Amino acid sequence: MPELPEVETIRRGLAPLVTGAVVVDAGSHPSAKFSPAVEAVGTAIESVDRRGKYLLLGLDDGRRLVVHLGMTGQLRVVEAGDPAGGGAPAGGEAGGDPGAGPDGGDPHDRAWWRFADGRQLRFRDVRRFGRIAVVDRDLSGLPTLAALGPEPFDPAFTPEHLWARLRASRARIKTQLLSQRPVAGVGNIYADEALWLAGGHPAARRLGRPGATRLHAAIVEVLASAIDHGGTTLRDYRTALGDVGGNQLHLRCYGRGGEPCERCGTELRRAVYDGRGTTWCPRCQRR
DNA sequence: GTTGCGTCCTGGACGC
DNA sequence: TGCGTCCAGGACGCAA
């Protein structure tokens with residue numbers, strides 16, 4: 001489930017591989033979630049940026065190719081003739097066999113772009129929770145993207161900002177983090193990790209200023225640490241080079257329900273809040 | 001406007 | 001071994 005650290009790791013791997021590449025052909029799964037991929041044909045990729053969990057490929061016609069990886073999305077560059085790429089795409093007509101890649105490649109490939117040098121950028125997404133869009137440079141074509149909160153490493157993301165945003169809502173703290181509005185890029189894994197580190201209860205609806213300050217520092221710390229470790233691979237996530245991340249070895253809360261808290265030894269609890277599996281320490285994280 | 005629930009989607013885990 | 005059921009979760013739609 002790619003969150004900010006995973007998307008950032010993919011961006012860093014992808015940028016040197018695709019910057020300057022000219023898209024000469026493309027295809028996609030017929031779903032409207034993926035079919036905009038073909039709109040990039042005839043352009044050159046000028047940049048690879050990230051906003052929250054979204055990858056933004058700057059095109060030389062002024063637009064941006066936006067890719068959201070959803071839960072199981074993977075982006076890989078394959079060399080011309082690489083069996084993993086299914087060879088040169090035959091036909092290349094968008095809306096072909098649902099779920100099948102060009103030339104009968106991986107059936108979970110939802111979109112692909114072929115470059116002038118023969119290489120392909122391929123988007124594999126088993127559960128089809130990802131999506132692709134082509135929008136103007138100002139991102140106004142995607143309201144969700146335009147409404148994202150500040151980047152966690154941006155100076156605009158301050159303890160005061162976080163406190164003000166959390167104070168303005170009565171929703172649960174974790175639910176607010178997952179909304180992407182207080183800060184962009186936090187998903188279920190890092191919300192649990194940051195709340196554990198900050199000692200905040202995920203189901204609390206209010207957070208004092210000291211608590212918000214601790215949570216701010218925790219968000220920055222867990223995201224930066226995860227990027228340093230190459231992201232978290234629980235099942236599907238792979239870097240642009242096909243490698244697994246290493247942060248799953250450093251998780252201290254997420255997915256560890258029933259295990260002892262490494263800080264106090266109390267058994268970590270697991271529950272579902274607002275439809276999302278949540279793990280927390282009942283002793284370290286009191287309401 | 002805010003909040004919370006249901007839906008989409010598929011592979012893996014698990015029980016029978 | 002095979003079948004059915006449950007679970008995971010980001011974004012979005014909808015109802016209250």
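Just so we're on the same page: letters track the sequence lines, and every chain starts at 1. All values derive from a computational prediction rather than experimental measurement.
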Classify every nucleotide of nucleotides 8-13 of chain B by which part a protein heavy atom approaches to under 4.0 Å, writing B for the base, S for the sugar-phosphate alone and - for neither, in 5'-to-3' order. BBBSS-

Between CD1 of A:Ile132 and P of C:dA11 the distance, given in whole Å, is 15 Å

Should A:Tyr254 be listed as having a side-chain N or O under 4.0 Å from OP1 or OP2 of C:dG9? yes

Scan side-chain atoms only and decide if A:Thr232 and A:Tyr190 contain a donor-acceptor pair under the 3.5 Å cut-off. yes

Does a side chain donor of either A:Arg128 or A:His29 reach within less than 3.5 Å of an acceptor in the other side chain? yes

Do we see a donor-acceptor contact under 3.5 Å between the side chains of A:Thr43 and A:Asp61? no

If a pair satisfies ring-ring contact (aromatic ring centres under 6.0 Å, His included) and one of its residues is in residues 129-180 of chain A, list it, with sequence neighbours excluded. A:Phe157-A:His216

Nearest-neighbour nucleotide for the A:His68 side chain, C:dA11, C:dG9, B:dT3 considered: C:dA11

Review item, side-chain donor-acceptor pairs of residues 275-284 of chain A, under 3.5 Å, at least two apart:
{"unit_1": "A:Thr278", "atom_1": "OG1", "unit_2": "A:Lys174", "atom_2": "NZ", "d": "2.9"}
{"unit_1": "A:Thr278", "atom_1": "OG1", "unit_2": "A:Arg276", "atom_2": "O", "d": "3.0"}
{"unit_1": "A:Trp280", "atom_1": "NE1", "unit_2": "A:His201", "atom_2": "NE2", "d": "3.2"}

In whole angstroms, the gap separating C1' of C:dA8 from CD of A:Glu3 amounts to 13 Å

Protein-nucleotides 12-16 of chain C N/O pairs closer than 3.5 Å?
{"unit_1": "C:dC12", "atom_1": "OP1", "unit_2": "A:Thr144", "atom_2": "OG1", "d": "3.1"}
{"unit_1": "C:dC12", "atom_1": "OP2", "unit_2": "A:Thr144", "atom_2": "OG1", "d": "2.5"}

If you round to the nearest 0.5 Å, how far is CD of A:Gln74 from CG of A:Asp109? 9.0 Å

Does a side-chain N-to-carboxylate-O contact under 4.0 Å join A:Glu8 and A:Arg50? yes

Any heavy-atom pair between the side chains of A:Ile173 and A:Leu215 that's under 4.5 Å? yes

Determine yes or no for a side-chain-to-main-chain donor-acceptor pair under 3.5 angstrom, with A:Arg51 supplying the side chain and A:Leu145 the backbone. no

Side-chain heavy-atom pair A:Leu148, A:Tyr54 within 4.5 angstrom cut-off: yes

Quick one, which residues of residues 160-181 of chain A touch DNA chain B with a heavy atom under 4.0 Å? A:Ser169, A:Arg170, A:Ala171

Is there a salt bridge (Lys or Arg N to Asp or Glu O under 4.0 Å) between A:Asp274 and A:Arg172? Walk through the geometry before answering. CA-CA 9 Å; A:Asp274 295 335; A:Arg172 293 187 174 91; 2.8 Å; yes

Within the structure shown, what part of the strands sits under 4.0 Å from A:Gly277 by heavy-atom distance: base, sugar-phosphate, or nothing? sugar-phosphate

Angle separating the five-pair end axes of the helix from B:dT2-C:dA16 to B:dC16-C:dG2, nearest 10°, is 50°

If I take atom OH in residue A:Tyr190 and atom P in nucleotide C:dG10, what distance separates them, rounded to the nearest angstrom? 11 Å

A:Tyr273 OH - B:dT3 P separation (whole Å): 18 Å

Whole-Å distance, A:Asp125 CG to C:dA11 P, equals 13 Å

Taking side chain as C-beta onward, heavy atoms only, is A:Leu4 less than 4.5 Å from A:Glu151? yes

Please report the closest heavy-atom contact between A:Arg252 and A:Leu268, naming both atoms and the distance. O-CD1, 4.0 Å

Taking atom P of C:dA11 as reference, at what distance in whole Å does atom CG of A:Leu145 sit? 10 Å

Do the charged groups of A:Asp136 and A:Arg64 touch, with an N to O distance under 4.0 Å? no

